[in-house]
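Chain letters run A, B, ... following the sequence lines, proteins first and then strands; every chain starts at 1.
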Amino acid sequence: MQWLSAAEAVSEYVKDGQTLYLAGFTHLIPFALGHEIIRQRRRHLTLCRATPDLLYEHMIAGQVADQVVFSYAGNPGVGLLPVFRRAVEQGTIGIQEWTHFEMVARLAAGAAGLPFWPLNTLDNELTERRPRPRVQSPFTDDQVAVVPPLVPDVTLVHTHAADDAGNLYVDGLLGDIREAVLAGRQVVASVEQRLPAAQIRATRLTLLLPAFRVASVSVEPWGAHPSYVFGQYDRDTAFYRDWDERGRDESAVESWLDEFVYGLASRADYLQRQPPGRLSALREAAGQ
Amino acid sequence: MQWLSAAEAVSEYVKDGQTLYLAGFTHLIPFALGHEIIRQRRRHLTLCRATPDLLYEHMIAGQVADQVVFSYAGNPGVGLLPVFRRAVEQGTIGIQEWTHFEMVARLAAGAAGLPFWPLNTLDNELTERRPRPRVQSPFTDDQVAVVPPLVPDVTLVHTHAADDAGNLYVDGLLGDIREAVLAGRQVVASVEQRLPAAQIRATRLTLLLPAFRVASVSVEPWGAHPSYVFGQYDRDTAFYRDWDERGRDESAVESWLDEFVYGLASRADYLQRQPPGRLSALREAAGQ
Amino acid sequence: MTTPPLTRREEMAVVAARLLRPKERVLVGVGMPNLAANLAKRLHAPDLVLIYESGILDANPETLPLSIGDPVLVRDALATISMLDLFSNYLQTGWVDVGFLGGAQVDRRGNLNSTVIGPYDHPAVRLAGSGGAADIAACAQRLILMLPQDRRHFPARVDFVTSPGHPATGRRPDGRGPAWVVTDMGLYDFDSTGEMRLRALYRDETVEAVQAATGWPLAIHPHPTRVPPVTPEEYRALRALQQARGGPRR
Amino acid sequence: MTTPPLTRREEMAVVAARLLRPKERVLVGVGMPNLAANLAKRLHAPDLVLIYESGILDANPETLPLSIGDPVLVRDALATISMLDLFSNYLQTGWVDVGFLGGAQVDRRGNLNSTVIGPYDHPAVRLAGSGGAADIAACAQRLILMLPQDRRHFPARVDFVTSPGHPATGRRPDGRGPAWVVTDMGLYDFDSTGEMRLRALYRDETVEAVQAATGWPLAIHPHPTRVPPVTPEEYRALRALQQARGGPRR
């Protein structure tokens, strides 16, 4: 486990052509690390996430991805993902599509080192297009559908805290995070803060992943903005709502990336560019 | 979910001939409920537990079981299980034996409603005697061993607390508990205490199982003695050590059962019979 | 203080809320189902167990969440669990009584499309996709669907079967599948052959209008009724829910 | 204050502790492995990650636990996880460097028996069985075994293969399997064919005595050495560990 800046971590661990999983379901989405991947202009990535969310909007617009592996390409509570939608409708990006259950089952197989994961659901048009084999149970007459493992080259994750050893801790919504970090060949993390273990044990934070499975940790306050860190800051719903319009306009997306990603050296600069009072309001909304 | 006494719960939910799983790995072993099963003289049960522990010593001696399904029949930290050992060596009880991984994998399959659970381990003499089929992965050349689901008719469990709705909460060592309660057709619980939900949320207790999956809850303080409830009372290691000798003597076992099970109406009486100072010392050892 | 009448969309939420029974476990989808389920919990079903596919068990949101992963859903929830745990050990095993879904298209068998308008490989509109919808449709004990009704949303054939309904051969043999469809024109159930059937109309709708908004010859219950009007209590609960929406946290 | 010499059993713990390297992840079995692993952590390997099959990750016990599920193991552990999580996502995937096991019998291939003495169906002594031992033997990167040495514990053929060692045909092809055996007479490794081999003797043991205590013709390293004597530091650490054992919690 190394303590690295986000720039160093991406430079060291994220390579062109890799399969990445940027974890987090609505909660704890690793925007700081994702933006760093855009800034360092990685190319030909396969980006996996149950919910591509605005992070993959940014990354698709930043042209880092050849393919998106996903299960729900919506803007949560708002509508669709305009950049993703445009790329798919124009055929400029490849997709591989699953249901949520299939996605997390694929991660679970990856996490456990198993060649498949069984599940008991119905076939549908997705499983007709992308056949989902069935396996015969040796114990009964049952046949069960199976999905292949998903083993990301790197899983990137943002969590509440790391202790001095680099153990990662979270609270609140787990979504797909646990399976995603367990499945990754390497885990690159950013955290809100670094805290002594004794201090962490006095809170409700629970272990996500032990340090021996973590490649690097970067301390990145607000590293999940505009998504949220439960108990630290709330979701920036205005940003998500605004994206519905901004994302439809290619040049607006470009200038947003220029202003908030390419034109900045680091996350600290990103935070300075936020509208006055916005971040403090999100802290207050989280009860801080 | 009903609030019942332990006697009512066993009377209502535990029937002759059933397959039971009394959950808890060293920690949170449901002695109060198990003793009640002996007292009510159930018969022909199949008793499943990763570690039969002293609880199944008592239950085998109480002649409730035809068969034991297990993975480690030791007295943890002390030695063997004399009653179990005698029954097996004399052929008076049937056994079905697994490894720990196989036991929890069987519970996981039961919990998820799957016809088998895959695992990647080597064959050994147990898997030669009790063939463990292999399943071909449709995605790769890999074959993977599979074990059948374990679905207890009733899983019995002891936990730290239930809230007023009957949701069950635990802390500390989980062992096989989570998979065991998820796998059971019915879940019969005893708890150290009933607490308002708001009070529970201020602690480090976490949800084990929502009330809608719980058949009954019995408030039974010290319900896990001589095993332990993390943070409430420590393990009664003297009892475990003493059993090594007591268990070798059939008449000593009989008189122990007479004194501590058959001769008592309830757990409250059991607690009164404990040597003076013993329980308070266990509380102190747990930092209470 | 003015008391504007409910929009038809709001009335849909009231009608759908009435279909939920006390203590049921409801897996709540994005959008209108979210409004309806939270409304039922504030009316006749306070013990309703709200489950969200993000891994939230027994949510008790103070205000209406914008998305299914919002912090307001987590704050007073019984627990957050992993999606794997939720889908494997709760949904897959039949512990979810009601799956509550929206979508872009539904057909006469209750097949639901939330994936694409037009051909999958050359989409006219690329929608969000299944999320958990296909899994919920497969495993929940019964489904309630909510869609606005017109020929775009009710085509003869959905462009893509994201979440399968009743098979062409009859109702689902396991007793599961679509049970109700709530639209802005009426309420539908499914007959013994698994065919969607008009059950009740809103006060100002006609069978003719409903048929005109439907892309196939609509089956009609022998005795279709009128949807009972929104009660003052329902009205107040809905307004209170919406006013709290997006407001500051107390 | 008297300073009694170490028993041979205690010396075994010192020798086994030396085999653990800093920062390794050790899945610690019941009994002597527990003493040895905790000793290593107080000597050259303070960052050793102690894992117990009950689901304890990175234990830091203040005192020596009696069993692998004791509260003292939980109190200062990094985390408790389910056994399913531990076996599936840590052991099965090769994250455990060292499996550290005791047993009732071992043979020349490192096959370990902890199940039964005599025939399985008519046991002379019914032992505890595998627990996690067969899983650990299958999946840990390397195994360290600890047994007292005599013809009962070192038979030509174990009565039951609970935890498989190296195949009869050679070392395990995946590079895993038994690496060391620590007894009260000597230290053994496994040669390139997967055969157990005497590597070092305690100061007062002879090859002849060791052979006499072994149920097969023993392979001997070309240059067997003597086990280095217990250092004062090792002695003090062991005594401190044992005095804390079972004592009151501070």
The interface call for B:Leu80 against chain D, heavy-atom contacts under 4.5 Å, is side chain

Is there a side-chain contact between B:Arg235 and D:Leu66 in this structure, where contact means two heavy atoms from C-beta onward sitting under 4.5 Å apart?
yes

Just by distance, no angles: are the side chains of B:Thr121 and D:Asp135 close enough, under 3.5 Å, to form a donor-acceptor pair?
no

Interchain contact, B:Phe70 with chain D, by part (heavy-atom threshold 4.5 Å)
side chain

Would you mind checking which part of D:Val116 comes under 4.5 Å of any heavy atom in chain B, side chain (CB onward), backbone (N, CA, C, O), both or neither?
neither

Side chain, backbone, both or neither: which part of B:Leu81 has a non-hydrogen atom closer than 4.5 Å to chain D?
neither

Where on D:Ser88 is there a heavy atom nearer than 4.5 Å to chain B: the side chain, the backbone, both, or neither?
both

Heavy-atom nearest pair, D:Ser130 first then B:Thr99, reads OG-CG2, 3.6 Å

Given side chains that start at C-beta, do those of B:Met103 and D:Phe87 come closer than 4.5 Å, heavy atoms only?
no

Testing the basics here: between B:Glu89 and D:Arg126, what is the closest heavy-atom pair and its distance to 0.1 Å?
OE2-N, 2.7 Å

Sort D:Arg176 into side chain, backbone, both or neither according to what part of it lies under 4.5 angstrom from a heavy atom of chain B.
neither

What I'd like to find out is whether the side chain of B:Phe101 reaches to under 4.5 Å of the side chain of D:Ile136, using heavy atoms alone.
no

With a cut-off of 6.0 Å (strictly less than), are more than 12 heavy atoms of other residues, nucleotides or ligands near CZ of D:Arg157?
no

What are the two closest non-hydrogen atoms of B:Gly172 and D:Val74, and how far apart are they?
CA-CG1, 4.0 Å

Considering only NZ, NE, NH1 and NH2 on the basic side and carboxylate oxygens on the acidic side, decide whether D:Arg75 and B:Asp234 come within less than 4.0 Å.
yes

Is chain D contacted by the side chain of B:Glu179, its backbone, both, or neither, given a heavy-atom distance below 4.5 Å?
side chain

What are the two closest non-hydrogen atoms of D:Gln92 and B:Asn120, and how far apart are they?
OE1-N, 2.7 Å

Do you know which two heavy atoms are closest between B:Asn124 and D:Ala134, and how far apart they sit?
ND2-CB, 3.5 Å

Heavy-atom closest pair (D:Gly69 atom, B:Tyr228 atom, distance to 0.1 Å) is O-OH, 2.6 Å

Heavy-atom proximity to chain D below 4.5 Å, by part of B:Asp123:
backbone

Are there residues of residues 48-58 of chain B whose heavy atoms fall under 4.5 Å of chain D's heavy atoms? If so, which?
none

For B:Arg86, is it the side chain, the backbone, both or neither that has a heavy atom under 4.5 Å from a heavy atom of chain D?
neither

